[in-house]
Amino acid sequence: MSARYDPASAEPKWQSAWAEAEVFTATRDPSKPKYYVLEMFPYPSGRIHMGHVRNYTMGDVIARYKSASGFSVLHPMGWDAFGMPAENAAMATGGHPKDWTYANIDEMRGQMKPLGLSIDWSREFATCDPEYYGQQQALFLDFLEKGLVYRKNAVVNWDPVDMTVLANEQVIDGCGWRSGAPVERRELTQWFFKISDHSEELLSALDGLENWPEKVRTMQANWIGKSQGLQFSFPLTETTSGFDGIEVYTTRPDTLLGASFVGISPDHPLAKALEVDNPDIAAFCAECRQMGTSEADLEKAEKKGLDTGLKARHPLDPSWELPVWIANFILMDYGTGAVFACPAHDQRDLDFARKYGLPVIDTFFAQDDDTPVSNTAFVPPKTEKVTWVNHFAGLDVATGQEAIDATITYAETQGWGKGIENYRLRDWGLSRQRYWGCPIPVVYCDDCGVVPEKKENLPVSLPYDSGNESIDFSVPGNPLDRHPTWSDVPCPSCGKMAKRETDTMDTFVDSSWYYARFTAPRATTPTDGDEAAYWMNVDQYIGGIEHAILHLLYSRFFARAMNICGHLPDTAREPFDALFTQGMVTHEIYHTRDSNGRPVYHLPEDVSDGKLADGTAVEIIPSAKMSKSKKNVVDPLNIIDAFGADTARWFILSDSPPERDVEWTAAGAEAAYKHLQRVWRLADDVRQRSDEAAPAGGSEEDRALSRITARATVDVTAGIEGFAFNTSVAKLYAFTSAVAKSKASAAAKAEALRTMAQLMQPMTPHLAEEVWSMLGGVDLVAQAPWPKADPALLVEDSVVLPIQINGKRRSELKVAKDLPKDEVEAMALADPAVIRVLAGAIPKKVVVVPGRIVNVVV
RNA sequence: GCGGGCGUGGUGGAAUGGUAGACACAGGAGACUUAAAAUCUCCAGGCUUAACAGCCGUGCCGGUUCGAGUCCGGCCGCCCGUACCA
């Protein structure tokens, strides 16, 4: 019986060896360059899933590779531990969010450690640790002092039955998820970070983020949404509720002569004033407010409007009166909350105008077409010239941009409008009416007003943390509001009894600075100057594309704000030097049907050959993101139990490029396991032959294997450097086959396999240690330097050139690598296949790209 | 709705603008074995052909180029985000 590699015994053995040698403890070493690799930390849901395995394996490949390449590596792990699910679990099961969260963390840490990740666990923290959120409160107070935080009114989703604020996620088809009641929009006074003050900086600094994916930079730039436009007022024909005009902002002032009506948001102050006395307007606004706050819902909802009866004068012609409408698609958050509508040149305005019978006025036509607009708006191109019907600034034929610029200049000269820069980015509302979050450290005093808590009183602990009596999760709403004593505190300023803020912070705040905290996780200030200066920035950040905008933008803002307050050096205003966004892990979905024809889902482990254990055939839906509800999940622990962590790691890195989705298949996992066994068998075989004498000076076979090893080293390294781990894996497959086929001596094969162990170490660290130790490697392969290929072994002296005729491959030519172009051309034209295909035709030209291709053009 | 991305054999995918399908999975044939498992070898995009070879082929339509999976424009489909899910 042949021996086999046994991951179940080998993996814990090597994990202990790493722990004993403290290989992964990050230490400040001034003699080495540093490298900080960070994966987006997990929410402690209770179980790790394959997405986590993928994320942390990728980070681990980088961390181990950089460590072998001579860097002092920081690779920490923590927990994004505040948030709604803990409160929901408490409501559902009667436990406490804190107990639930920490139990989950223990569970997940226990599931992660068997993966053999090169993490410095001594730096671990959870954002719900009072030591962490207390420092976050200190940051908040510093931000407050620097004017980076303020209070204002903002709308939330309100469940009128449960009497509670709902997250967008908790609004299903416009109704509360528990009560089923239609939600309403309600205004509350809330805390905001002044991120909009930094719009320009957050935008322009994107240019410097060269190692971020282009798509993420584009998305952030569009989100910030800088625009150039005209702000001006439509005077009302008569002053109404104190309003004598309606201020609008437009990016297309060139279409002003196509104005057909003035539209205001249902949340516009004028609309609110009008609804007091007008039941129709009140009813319409109420209907508009019977809806969640999510932008996607608002924009996708049917467009509705109501004529207020008010009239506004066109700024270019006081005798031209436009109706004033309230329309549900106008957002109060953007611009001034009011627009002028130009149906001829904006599709949404056109649909609205057709629905309500409002006029459609063309102000220009495409140059080669003067057809009036019917049901498709002619959207003005900014760069192409168009023919104007009648442009007030005297334009006849001009591009949209020229017309916009001329219009703004004209308006400014005439004194009725002003060209301004506008940003779509809104300030970041951080108040949450929930228990399981970081308390906002302010007190409301009847005499002193809003008073910041004193830093020496931090952390402002949640009741459960501070030993206060328990709180009540049996009913919806914020338990901190209902707590009998927690909010009763002396005013930090005058000492009189006052009320503590009961809102907690958005969990995005927690994740906006954890990367900085990892550099000094036990410091008694948010960061430590020396540690931050050494370890920041994060050299490589890795996470899902779903965080492309909010988390990453908030983190960028926070790094700036922390810099302003002296918590981060100037060099760390952009916290992430390089970003990589990974794809999801997917799996086929299996289901049968119940008596009503509705799908009943089944776990992959319960399905084999398309059948359940009882023989029932399942329907198969193509691969989709793993989700508990569809049961298309594979528990990483089951894979580790069956095959070991290296198999899970190897498979998850194989096949799919890291930025794309990877489909988990049982067959693929088995194949990965087989390959690792094969590598081990090769090493075992060589070990048994280790006393064979090596030929003096090496045989030709030995030299060939050296060249193969050098080529593999270069290719695998390139794959890791280029975040193309799947190609590194493919090269390692080929390398393995080459070693297996090679007739080289045992000594030469041992040499090749030791290099293979080094190359595999970032991906399959346990097997790599096993092979390394079997073949006489010194110490741990985790501590061995990255292999270097001898350039002399990489030189190829001849090359195969494909010969194309008119771009179609017809033959090929093996030539010396540096053969002159004209000789290559002559050989190509003398090629029998070329002569046959040409059939006497005279080539017009011959393109020779040295070392690549020959193309004969006829 | 808006912003961004992706689309290549039966499947996952490879390919500095230069031989499309490397490397794998599933499949087929064979070796070894009493047998199975394990392992090893070979075949394999589609169509035509006895073979040589030829034609077609990277979601669809068009363009740039000696040459396009790759670049540009327009569509279709799917995915991510859309500010209180994390």
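Lettering of chains follows the sequences in order, A, B, ..., and the numbering in each one begins at 1. As the structure is a computational prediction, the values presented were derived from the model and not from experiment.
- A donor and an acceptor atom, one from each side chain of A/Thr164 and A/Asp159, are nowhere located under 3.5 Å apart.
- Counted by atom type alone, A/Trp191 and A/Glu501 present one or more donor-acceptor pairs between their side chains at under 3.5 Å.
- When the C1' atom of B/C66 is taken as reference, atom NZ of A/Lys845 falls 5 Å away, rounded to whole Å.
- For A/Arg432 (side chain) and A/Thr507 (main-chain N/O), no donor-acceptor pair under 3.5 Å exists by modelled atom type.
- Across B/G7, B/A86, B/G4, the shortest atom-to-atom separation from the side chain of A/Arg660 is found for B/G7.
- Here B/G18 is the nucleotide among B/G18, B/G4, B/C23 with the atom lying nearest to any side-chain atom of A/Val847.
- With sequence neighbours excluded, the residues that form a side-chain hydrogen bond (donor to acceptor under 3.5 Å, both in side chains) with A/Ser227 are A/Tyr249.
- Of the residues near RNA chain B, A/Met219 and A/His547, the one whose nearest nucleotide (by heavy atom distance) lies more toward the 5' end is A/Met219.
- Nucleotides B/U70 and B/U64 have their P atoms positioned 15 Å apart, rounded to a whole Å.
- Both A/Ala724 and A/Thr218 sit near RNA chain B, but only A/Thr218 has its closest nucleotide nearer the 5' end.
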Can you check nucleotides 39-50 of chain B for protein contacts, nitrogen or oxygen pairs under 3.5 Å, and list what you find?
unit_1: B/U39; atom_1: O3'; unit_2: A/Arg681; atom_2: NH2; d: 3.4
unit_1: B/C40; atom_1: OP1; unit_2: A/Arg678; atom_2: NE; d: 3.1

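- Backbone-only contact: A/Asn726 has heavy atoms under 4.0 Å from sugar-phosphate atoms and none from a base.
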